[in-house]
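Chain letters run A, B, ... following the sequence lines, proteins first and then strands; every chain starts at 1.
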There are 4 protein chains.
Amino acid sequence: MAQSQPIDKRTLILDAAIKVFAKNGYHRSRVSDIAEEAGIAYGLVYHYFKNKEEVLSSIFRERWSAFLDVIRLYREAPITTREKFTSICFYLLNSYNLRPELMEVLILEIARSSKFLQDSHIEEFNEAFRLLEGMIRDGQACGDLRADVDPSLSAYSFLGAIELILTGYVLNTLKARDVKTYQKVAETVVDVFIDGLGKR
Amino acid sequence: MAQSQPIDKRTLILDAAIKVFAKNGYHRSRVSDIAEEAGIAYGLVYHYFKNKEEVLSSIFRERWSAFLDVIRLYREAPITTREKFTSICFYLLNSYNLRPELMEVLILEIARSSKFLQDSHIEEFNEAFRLLEGMIRDGQACGDLRADVDPSLSAYSFLGAIELILTGYVLNTLKARDVKTYQKVAETVVDVFIDGLGKR
Amino acid sequence: MAQSQPIDKRTLILDAAIKVFAKNGYHRSRVSDIAEEAGIAYGLVYHYFKNKEEVLSSIFRERWSAFLDVIRLYREAPITTREKFTSICFYLLNSYNLRPELMEVLILEIARSSKFLQDSHIEEFNEAFRLLEGMIRDGQACGDLRADVDPSLSAYSFLGAIELILTGYVLNTLKARDVKTYQKVAETVVDVFIDGLGKR
Amino acid sequence: MAQSQPIDKRTLILDAAIKVFAKNGYHRSRVSDIAEEAGIAYGLVYHYFKNKEEVLSSIFRERWSAFLDVIRLYREAPITTREKFTSICFYLLNSYNLRPELMEVLILEIARSSKFLQDSHIEEFNEAFRLLEGMIRDGQACGDLRADVDPSLSAYSFLGAIELILTGYVLNTLKARDVKTYQKVAETVVDVFIDGLGKR
DNA sequence: GATGAATGAGGTTTCATTCAT
DNA sequence: AATGAATGAAACCTCATTCAT
């Protein structure tokens, strides 16, 4: 497939939807807005997706799995637990750097809508926590991490920290726009998380 | 007809709205749903609020300030920094215990909406981070906390951790329904946050 | 009744309504606007008038009769037919000068609405034409006016001319704000109407 | 399904609107009434027009220009000034004969709404007066008309006379339903206007 | 008389979705 | 595949009117 021109229409629509949802929010976005952004007729959206909700669902399904893959990848990697945390944290922060609109949609629209989504994605969401929880258990097993702390709560805490920092970027209450800063931020977060904020 | 309690109609509407928003989400909730829940005609909602958005805004404005007051209170209290963190964390978790619907709305709807709300509440949101940041600075100044960590990022991390744990409760992926558990969870979160997850 | 303070509330409401209707048009005016303008509670309007339409009707009924009286007066007066026309024309133009808002309502709202008003005022409207028509017949009988012209059409033409000139003032496409000009305009209109625009 | 005539939907809607507005008045007419009259779903009205007001505006814009064209045509025609007046007057009266509903809307709704219309049509309205004024100046210049009478006031008087006669037809206080009568009426109006009602 | 809380019919408008072309 | 006219459910909001106080 010589990706020269055609560009998969489906992807074209998804990318347009990400842009539009990020700008206006899912509920305030019209199917016609997406189509206009994609430069197609709005009827065509219904060739590729059952309905508007399906568009949002697809964004989630197809992007979230990439994130899960990355966690799996780092989890298995021959690096220290601290490096695993840092890598995941940086990956998420940098994802925002690379595709801010996508992250806005994932964070503001999907995470918070999942309670209401028909085809609920809670299970897929959960997978992230389970993976991270497993990674923490691994760390505890190998002696990198304290064993007396609940791995599930720790996973939630870690992702929550990252998520709110990303929200800060999304809502523009935190500023940072370059890879170097993101690297530094990732290290700080992991530093707090592993070494603690307390004085020794 | 001696109404047993006069009951402020405005509050009646707000409480009904919290219940309805928590159940269906803001956008899926109709003004008539709120009115029905409140046992009034929907036209009356427009006597007390300019429109549906104003109802959501009011919920936020009038409840968020309570949270800010609590942070201020604990910040000034003659207790250790760790105790301050634990108190705040428990307060939030227990708020969910006491008024789960209110917390659902605050967590799921307002953060998402604040980007789009006319009269954006970002400033009020920020105040929470500023207060917590100040509290961390205090802790650093008095030697309770390491001085080499960015207070702002730490504040975001701490609240993010709590927020995602609450989201876990809201989305029912985390279970816990009694004060004792919440107290334990608060201690765990603060433990991780201050002492770190790493082995010494 | 010492008219010192009380001021008839009914009149107060009517005057407020005239002001409000003139500014926003009947349909765009709310009962509460009228009440606000009158400085009373809007429920009180319903003590004095059956409903909003009744307010408009009353304005018409109570003011139009004044106009009819003036036509009757001049018709009977011991003056030339030309003077009668001039007096009526000036009276109407000057009424606008004195109470522009009242004239706006009479011209813009009532004429338009009379087709739809419940208690249609067409008969009262007609009375003006009948009176003027009678005046024209008198003029024809006494030899002041040509006898070969339809008096009814003449009456419509005369009032129509004045009405559109007033509309010009109302819509601000014609300008004139002093009694002297109005006197001059009245004379011009009657000049055209009686002597004709044609060259002799 | 071979539609006998394609029929422009936009025009279909406008014609339906004219009928409905004439019958009930603009404010008393619902968009659904228009749609029903046009035999379409009411949502379709919003494909062709921004809102209800736009429908009224379009009626005006697209019909008033025809009238202006006629004035221009007669003004330039190689006929006497009297013939010009008579032609215009007859054209308007006959327009009512041909499309009474359109004229009702133009006269009762638009003329009197223009003060409130967003995109005010006052300028287009004015153009009619300007053209007629120019025609009168021409008549004065060529010696057909007296030069000592204000052309602007004369134009208002002439159109006002016609308008009120039409209003008489609309409100059914004047009766006339055939071309021959309209021709006669036009001649009478112009007779009064040019030769005057006074005896020589 | 006077108030304004309360009601709810009524209307506008939006927009997801269908479908003939 | 692609288009966009057409549909109509659905929701918001207004505001005339009533009525308890």
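Distance B:I34 CD1 to F:dA11 P: 12 Å, rounded to the nearest Å. The separation between C:H27 atom NE2 and F:dT14 atom P is 18 Å, rounded to whole Å. Rounded to whole Å, atom C1' of F:dC13 lies 15 Å from atom CD1 of B:I13. The distance from atom CG of C:L12 to atom P of E:dA2 is 10 Å, rounded to the nearest whole Å. Atom pair B:E54:CD and F:dC13:P shows a separation of 11 Å (rounding to whole Å applied). For the pair A:E36 CD and F:dG4 P, the interatomic distance rounds to 12 Å; values are reported in whole Å. One can place CG of A:D33 at 8 Å from P of E:dC15, the figure rounded to the nearest angstrom. Between the CG atom of B:L56 and the P atom of F:dC12 there is a distance of 13 Å, given to the nearest Å.
In this structure, of F:dA1, E:dG1, E:dA6, it is E:dA6 that holds the atom nearest to the side chain of B:L44. Side-chain proximity of A:K9 to F:dA2, F:dA16, E:dG11: nearest is F:dA2. When distances are taken from the side chain of B:N51 to each of F:dC13, E:dT7, F:dA16, the shortest belongs to F:dC13. Residue A:I40 places its side chain closer to F:dT3 than to any other of F:dT17, F:dT3, F:dA5. Closest contact between the side chain of C:K52 and the listed nucleotides F:dG8, F:dT17, E:dT13 involves F:dT17.
Residues A:I13 and A:I34 share a closest heavy-atom pair of O-CG2, 3.8 Å. In this structure, A:F49 and A:S58 approach most closely via the heavy-atom pair CE2-OG, 3.6 Å. Closest of all the heavy-atom pairs between D:S29 and D:G25 is OG-O, 2.6 Å. In plain terms, the two heavy atoms of C:I122 and D:L171 that are nearest each other are CD1-O, 3.9 Å. Summarising the geometry of A:I18 relative to A:E101, their closest heavy-atom pair is CG2-C, 3.6 Å, with the distance given to 0.1 Å.
For the pair A:Y96 and A:E104, the minimum side-chain heavy-atom distance is below 4.5 Å. The side-chain heavy atoms of A:F21 and A:L56, taken from C-beta on, include a pair separated by under 4.5 Å. The closest side-chain heavy-atom distance from B:K23 to B:D33 is not below 4.5 Å.
In this structure, C:R30 and D:A41 both approach DNA chain F, and ranking their closest nucleotides by distance from the 5' end singles out D:A41. The residue among B:G39 and D:Y26 whose nearest nucleotide of DNA chain E is located toward the 5' end is B:G39.
Within 4.0 Å (heavy atoms only), A:Y48 reaches sugar-phosphate atoms of the nucleic acid but no base atom.
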Polar-atom pairs under 3.5 Å, protein N or O versus N or O of nucleotides 18-20 of chain E: list them with distances, or write none.
none

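Helical stems of DNA chain E (runs of at least 3 Watson-Crick or G-U pairs, donor-acceptor distances under 3.5 Å) are listed by first residue: E:2-21 with F:2-21.
Between C:F125 and C:W64, the ring planes are perpendicular. Angles over 60° get that label, and only those under 30° would be called parallel.
Side chain of D:Y26 to backbone of D:E53: a donor-acceptor contact under 3.5 angstrom is found.
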